[in-house]
There are 2 protein chains.
Amino acid sequence: MARLSFREQVLRVREDAIVSSVNRLLAEKGFDSMTVDEVAADVGIAKASLYKHFASKEALAAAAMVRVLQRAMHVIEAEADKPDASASDRLRAVTRWTLQVQLAGEMPSLPSQNSTLRSALIADRVYIDLLMEVSERLGQWIVQAQRDGSLTSQLPPEVILYTLFARACDPVLGFLKAGGQHSDEQIVDWVLSSCFDGLAARA
Amino acid sequence: MARLSFREQVLRVREDAIVSSVNRLLAEKGFDSMTVDEVAADVGIAKASLYKHFASKEALAAAAMVRVLQRAMHVIEAEADKPDASASDRLRAVTRWTLQVQLAGEMPSLPSQNSTLRSALIADRVYIDLLMEVSERLGQWIVQAQRDGSLTSQLPPEVILYTLFARACDPVLGFLKAGGQHSDEQIVDWVLSSCFDGLAARA
DNA sequence: GTCTATAGCCAGATAGAC
DNA sequence: GTCTATCTGGCTATAGAC
């Protein structure tokens, strides 16, 4: 790893602050409602300065997505290091982390319809590579869990993978939180249970 | 029911055409990306004429939501009329319908973050009343199914209700459809199974 | 690289003739 | 009620001084 000059470190820190703001605002308001002016105000710099760091609003969102995927990879690696956990345990743990992040208002949410954003994301090599890596790691655990009989074999691994990914934007968390009746832990437990155990009664 | 004059009937038909366009565009692009110009072009009238029928873009979206809730109520009533169905069967059937509508590109999707839209919706008495009625009808079936042991009692009825509602915007359907590998029926079956039976293997 | 100021665009809503 | 033409505001992005 090359040593960074002081100037480069300052740059890093500033960009990190920008991405943090973007991440939070994306979680709060979504991509379309978030304005670049807001981001600049939140970071405490001028809008034009933002554009010296990131070429476009889409690039800002992509950076936030890259960061959350990096966090996810760290969680995955931490789970992989636990010697006694089953594949199913690991998937549950990663899914739990996803729900917690969303409930904490730290999960950036992107509209799947916005085409300019989609284009920017699939053109972003770093983002795509990370997404593939996360998918592969989870995919291996899914297949393993199906083999050892802890996850259903009725569903293709692909369907299970997508279902887990979708927990990152599950609106049920927000509904329950809006009610204000339950603790975050309780909410996460319920959604996790509905996801893995289903709504139907177990025999 | 009062007889409508010819002029009023023409009005009805036109507004119905407008709501149809809005419904489809909302399903396709979402509220933020949908423009009023597009709606006008799709219906084939001038934008100013649209505003003679609906006061705002939010009102257009509300009308589409009212319509889809009316469709849902019809489905619910049709299910209620089936003499031999269990509460659980009825919930599955209504959920299946929801998934089919979404997969057919006919489910209007609204961003939960947009505040002006939220305000417009909760101010719309017709929308709120319908939403409450649908919730109550489903809620009764949920409690009943929990009592007869076909739905889990581990989760509060509220959680189950929200989980079913959330199927209307489940991104898993879109992911699987985008792959182009599977039939719509197959996709619906999988998602329905993941929802009710869960991802974990059944004993 | 940071700022202020502004260009350029687009979309929601309206004016006013017919 | 329908149209054409326009207003208005907000947002992304940039120019240009320092």
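What you see is a predicted model, and the numbers here were worked out from it, not measured in a lab. Just so we're on the same page: letters track the sequence lines, and every chain starts at 1.
- Counting any heavy atom pair closer than 4.0 Å across all strands shown, A:K57 reaches sugar-phosphate atoms only and no base atom.
- At whole-Å resolution of the value, CD in B:E38 and P in C:dC10 are 13 Å apart.
- Listed nucleotides: C:dT4, D:dT12, C:dG12. Nearest to the side chain of B:D37: C:dG12.
- The phosphate of C:dA13 has OP1 or OP2 within less than 4.0 Å of a side-chain N or O from B:Y51.
- Between A:L50 atom CG and C:dC3 atom P there is a gap of 9 Å when expressed in whole angstrom units.
- A distance-only check finds no donor-acceptor pair linking the side chain of B:R167 to the backbone of B:Q102 [under 3.5 Å].
- Around atom CD of B:E77, more than 12 heavy atoms belonging to other residues, nucleotides or ligands sit under 6.0 Å away.
- Of the candidate nucleotides C:dT4, D:dA13, C:dA13, C:dA13 has the atom lying nearest to any side-chain atom of B:S56.
- As a whole-Å value, the separation of B:F54 CZ from C:dA13 P is 14 Å.
- Remark: C1' of D:dG10 and NZ of A:K29 are 13 Å apart, rounded to the nearest angstrom.
- Both A:S33 and A:K52 sit near DNA chain D, but only A:S33 has its closest nucleotide nearer the 5' end.
- For B:S49, counting side-chain heavy atoms from C-beta on, the closest listed nucleotide (C:dG1, C:dG12, D:dC3) is D:dC3.
- Checked against C:dT2, C:dA11, D:dT2, the side chain of B:T35 finds its nearest nucleotide in C:dA11.
- Following rounding to the nearest Å, A:F6 (CZ) and C:dG1 (P) show an atom-to-atom distance of 12 Å.
- Among the nucleotides D:dC3, C:dT2, C:dT4, the one closest to the side chain of A:H53 is C:dT2.
- Counting only distance, with no hydrogens or angles, the side chain of A:D184 and the backbone of A:Q100 share no donor-acceptor pair below 3.5 Å.
- Taking every side-chain heavy atom of B:K47 into account, C:dG12 is the closest of C:dG12, C:dC3, C:dT2.
- Atoms CD (B:E15) and C1' (D:dG1) sit 12 Å apart, rounded to a whole Å.
- Under the 3.5 Å distance criterion, the side-chain polar atoms of A:S119 are matched with a main-chain donor or acceptor of A:S115.
- Taking atom CG of residue A:D32 and atom C1' of nucleotide C:dC10, one finds them 14 Å apart after rounding to whole Å.
- Here the P atom of nucleotide D:dC11 and the CG atom of A:L117 are 18 Å apart, to the nearest Å.
- Rounding to the nearest 0.5 Å gives a distance of 13.0 Å between CG of A:L192 and CD1 of A:I187.
- Contact annotation: A:R14 side-chain N/O to C:dT2 OP1/OP2 distance is under 4.0 Å.
- In this structure, the nucleotide among C:dA13, D:dA13, D:dT4 sitting nearest to the side chain of B:E58 is C:dA13.
- Between C:dG12, D:dA15, D:dT4, one nucleotide has an atom nearer to the side chain of A:A48 than all others, and that is D:dA15.
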